There are 4 protein chains.
Amino acid sequence: MVQILKKERKEKIERAALDEFMLKGFLNASMRKIAQNAQISTSNLYNYFESKEKLFYSITDGVYTIINTLVKDLTRTEREIGREIFFEQVSNLIAKPIMKLIKNHREKFLLIMEGSQGTKYENYQEELVIIIEKHFTEHFHTMENIETQDLADTFIFHILARNLLEGLLEISRHYVNDKWVDFNVEALMKYHVDGMSQFFK
Amino acid sequence: MVQILKKERKEKIERAALDEFMLKGFLNASMRKIAQNAQISTSNLYNYFESKEKLFYSITDGVYTIINTLVKDLTRTEREIGREIFFEQVSNLIAKPIMKLIKNHREKFLLIMEGSQGTKYENYQEELVIIIEKHFTEHFHTMENIETQDLADTFIFHILARNLLEGLLEISRHYVNDKWVDFNVEALMKYHVDGMSQFFK
Amino acid sequence: MVQILKKERKEKIERAALDEFMLKGFLNASMRKIAQNAQISTSNLYNYFESKEKLFYSITDGVYTIINTLVKDLTRTEREIGREIFFEQVSNLIAKPIMKLIKNHREKFLLIMEGSQGTKYENYQEELVIIIEKHFTEHFHTMENIETQDLADTFIFHILARNLLEGLLEISRHYVNDKWVDFNVEALMKYHVDGMSQFFK
Amino acid sequence: MVQILKKERKEKIERAALDEFMLKGFLNASMRKIAQNAQISTSNLYNYFESKEKLFYSITDGVYTIINTLVKDLTRTEREIGREIFFEQVSNLIAKPIMKLIKNHREKFLLIMEGSQGTKYENYQEELVIIIEKHFTEHFHTMENIETQDLADTFIFHILARNLLEGLLEISRHYVNDKWVDFNVEALMKYHVDGMSQFFK
DNA sequence: CATGAATGAGTCTTCATTCAT
DNA sequence: TATGAATGAAGACTCATTCAT
């Protein structure tokens, strides 16, 4: 009974914190306001979370792990699938986990990506872009295409990587419903996959 | 003592302010730190700029006007050029002014787009995205293509509009040299122009 | 350590605040000095009262309500009593509540009247003067006396209204003891009642 | 030429200062705003007046002297005129100089009386009240009237003294024209002279 | 005479955090 | 577990005044 109450309260705090963090970002979020919205005293808040940072990580770490795992899975997947089947399998093997992430965790995904200034995640967006970029360039390095080899050193892949991520964030920001997410993630990925395929005559 | 000329000192302040604003954003920028970095007392700072807001606008207003003019010019240009020649003229009429903006004012451009929360520019990025999106959809509405008509109402154009802008921001963020800017802006615009042309069989 | 009870400390703050407000007026009162005089840190002061204004109103609102009620009661009373008995009943029905106000709340009465510049009470003194003036002129309008009718439009009633209020403030300022208050309020009111009766030959 | 310019500028400063002091009082008046309203730099203001206090006294000292002289004259006058002719001569010997003061110097008179907190005049209003009170009581001490002797120790004379002064201030505050001043000062003084005469059966 | 530059002390207020109860 | 009390540091900004030019 008491245990359950505690758990509920903790969740209430986390809900209030998520709202505040998303509204103001980590740096401008106020512990006082979080406590108020969770209907507890500010000092009691510190019985549940020992600092603003810990509270932030308590909220975001789970989704951070999910994203991280997803990225690693994609990397592994990509290595396993050969070049020929790439375009066909993209949808199933890559797009689906991303859709799932957005459908289930879009708020925290956005928070990590956009509201984490002042935390250890503040550069994570850029890191992800670089990882994605690496996928692009590595993939093109496997091609025997001169033009592609040149392109591989080009900043355009960095931009496209950011575009892909930014597109996913934009979908998360304007979430309508699950079906809408599926449609737009697919459209976005198809756009970039097709777009990049033009680099091969 | 050593009376530093007013103009030099004012520029020193603006330099320190630009650095601080870019690092922390308008809201989290500290007048105290700006003063410290400009090596003057906080109260003296207020002899040069009467408030944090005025200081911010003093730095950004010029570039804001440039961007605004550029956007209006592009809109007018687009109306004047016919559909057929559109793709060919994109480079000269649209890409060039953008390159110039980035080459000359990338820092302030980024500041207006990314660090302006709390100022009158805080929604400007979104406004620009919507303007660009409108260009895309209007353009496609002039086509007699059923598939396109359907797409015109789709969120994908919103994403692509944001991608275009975000790509320009990314180029600004990672500025290498002027030639590099020219190359990448052109590549980015070509990518999206070609990419969208696929929507017409 | 020695944990002083909340109520005692709050009262200590209010005492310090009342002193400071009376000495300097709302506008020039310093939260820092109030905190110092209450022997707490300035920031702790804000745990008890969320702003200078709130602190001021916490001190004055009660007495403001008392004054307001008193004024309304007097207005009602005056309408009920007829003209002939007016002068005789003044003492009991009007003077007594005023004496009570001064005996119990002279400091806050003075603060509202004299030290409230910058608060919502800053015009209250003038409002009261006008209310009193209206009582005077209305009363004289009920008389069938030509000379009086002329006087009713005269500024002298405004002065006398202010004099009455100012007399009460002076009694409050120089408070000696309760009996002294009774004596002087009565003398003051008698003086003005008799004085004004001379306007009727 | 230069001399004339200087004089004009000094007068312009004093005009701006009077406005600011009357609006905000000495303590809250801003040297910066005075300089702005006088259209000179703040630092140049200090070439004309070496401090806020000196500026205040430069404006008020003249009128302070006038008031002081007036009070001394009245005291002398009162001693010279006998008891019997007192009431008749009040108008000519006492009221007239007061009217003149209000007609010529009402603003500075009000400033000294009401806006001088923080200066050496901050208690002058109370001092004047006490002087006037003394006149009243001394006058009544010359009477051979038992009841009066008792009254002489009473606070009512203090109140009436303040009422008289406050009435003059109220006339100054609401100044309409010179004739209006004459009428109301006379009415006010008559009211109190008559009123006090009632203390002698 | 005129002024821009400079400053230290002050204004109210918010902050994340700690601690005794 | 819960909370009122406490604080030092920091936030933007204003102030009267001084000084070099």
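Bear in mind the structure is a predicted one, so any value in this text is a computation, not a measurement. Below, chain A is the first sequence line, B the second, and so on; all start at residue 1.
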Non-hydrogen atoms of A:Phe109 and A:Ile67 that approach each other most closely: CD1-CD1, 3.7 Å
Contacts of A:Glu127 that satisfy side chain to side chain contact (heavy atoms under 4.5 Å, CB included) - sequence neighbours left out: A:Asn123, A:Tyr124
Sugar-phosphate, base or nothing in reach of C:Thr42, heavy atoms under 4.0 Å: base
Positions of residues 18-33 of chain B (non-hydrogen atom under 4.0 Å from DNA chain F), listed by number: B:Ala29, B:Ser30, B:Met31, B:Arg32
N/O (side chain, A:Tyr48) to phosphate O (OP1/OP2, F:dA2) under 4.0 Å: yes
C:Asn44 CG to E:dT13 P, straight-line distance once rounded to whole Å: 15 Å
Length of the CZ-P vector between D:Phe49 and F:dT18, whole Å: 16 Å
Donor-acceptor pair (no angle test) under 3.5 Å: A:Ser43 side chain, F:dG4 base: yes
Nucleotide F:dT7, atom P - distance to CD of C:Gln39 in whole Å: 11 Å
Euclidean distance, atom NZ of residue A:Lys12 to atom C1' of F:dA2 [Å, nearest integer]: 15 Å
Residue mapping more 5' on DNA chain E - nearest nucleotide basis, C:Tyr46 or A:Glu50: C:Tyr46
A:Lys24 atom NZ, neighbour heavy-atom count above 12 within 6.0 Å: yes
N/O donor-acceptor pair under 3.5 Å between C:Ser41 side chain and C:Asn44 backbone: yes
D:Lys52 vs B:Ser51, nearer the 5' end of DNA chain F by closest nucleotide: B:Ser51
Those residues that, when tested against A:Phe49, pass side chain to side chain contact (heavy atoms under 4.5 Å, CB included) (two or more places apart): A:Lys10, A:Ile13, A:Glu14, A:Leu45, A:Leu55, A:Ser58
Whole-Å gap separating C1' (E:dG4) and CD1 (B:Ile13): 12 Å
For DNA chain E, the dot-bracket pattern of Watson-Crick and G-U pairs whose distances stay under 3.5 Å, | for other-strand partners: .||||||||||||||||||||
Nearest-nucleotide comparison on DNA chain E, the residue closer to the 5′ end among B:Leu45 and C:Asn47: B:Leu45
For atom CD1 of C:Ile40 and atom P of F:dG8, their distance in whole Å: 12 Å
Separation of F:dC15 P from D:Glu53 CD (nearest whole Å): 18 Å
Partners passing ring pair (Phe, Tyr, Trp, His ring centres under 6.0 Å) against D:Tyr57 (at least two apart in sequence or in another chain): D:Tyr121
Pair D:Lys52 + D:Glu20: basic N to acidic O under 4.0 Å: no
Electrostatic pair A:Arg15-A:Glu8, nearest N-O below 4.0 angstrom: no
Protein-nucleotide distance (D:Ile34, atom CD1; F:dC15, atom C1'), rounded to Å: 12 Å
Residues that C:Lys54 engages under side chain to side chain contact (heavy atoms under 4.5 Å, CB included), provided they are two or more places apart: C:Glu50, C:Ser51
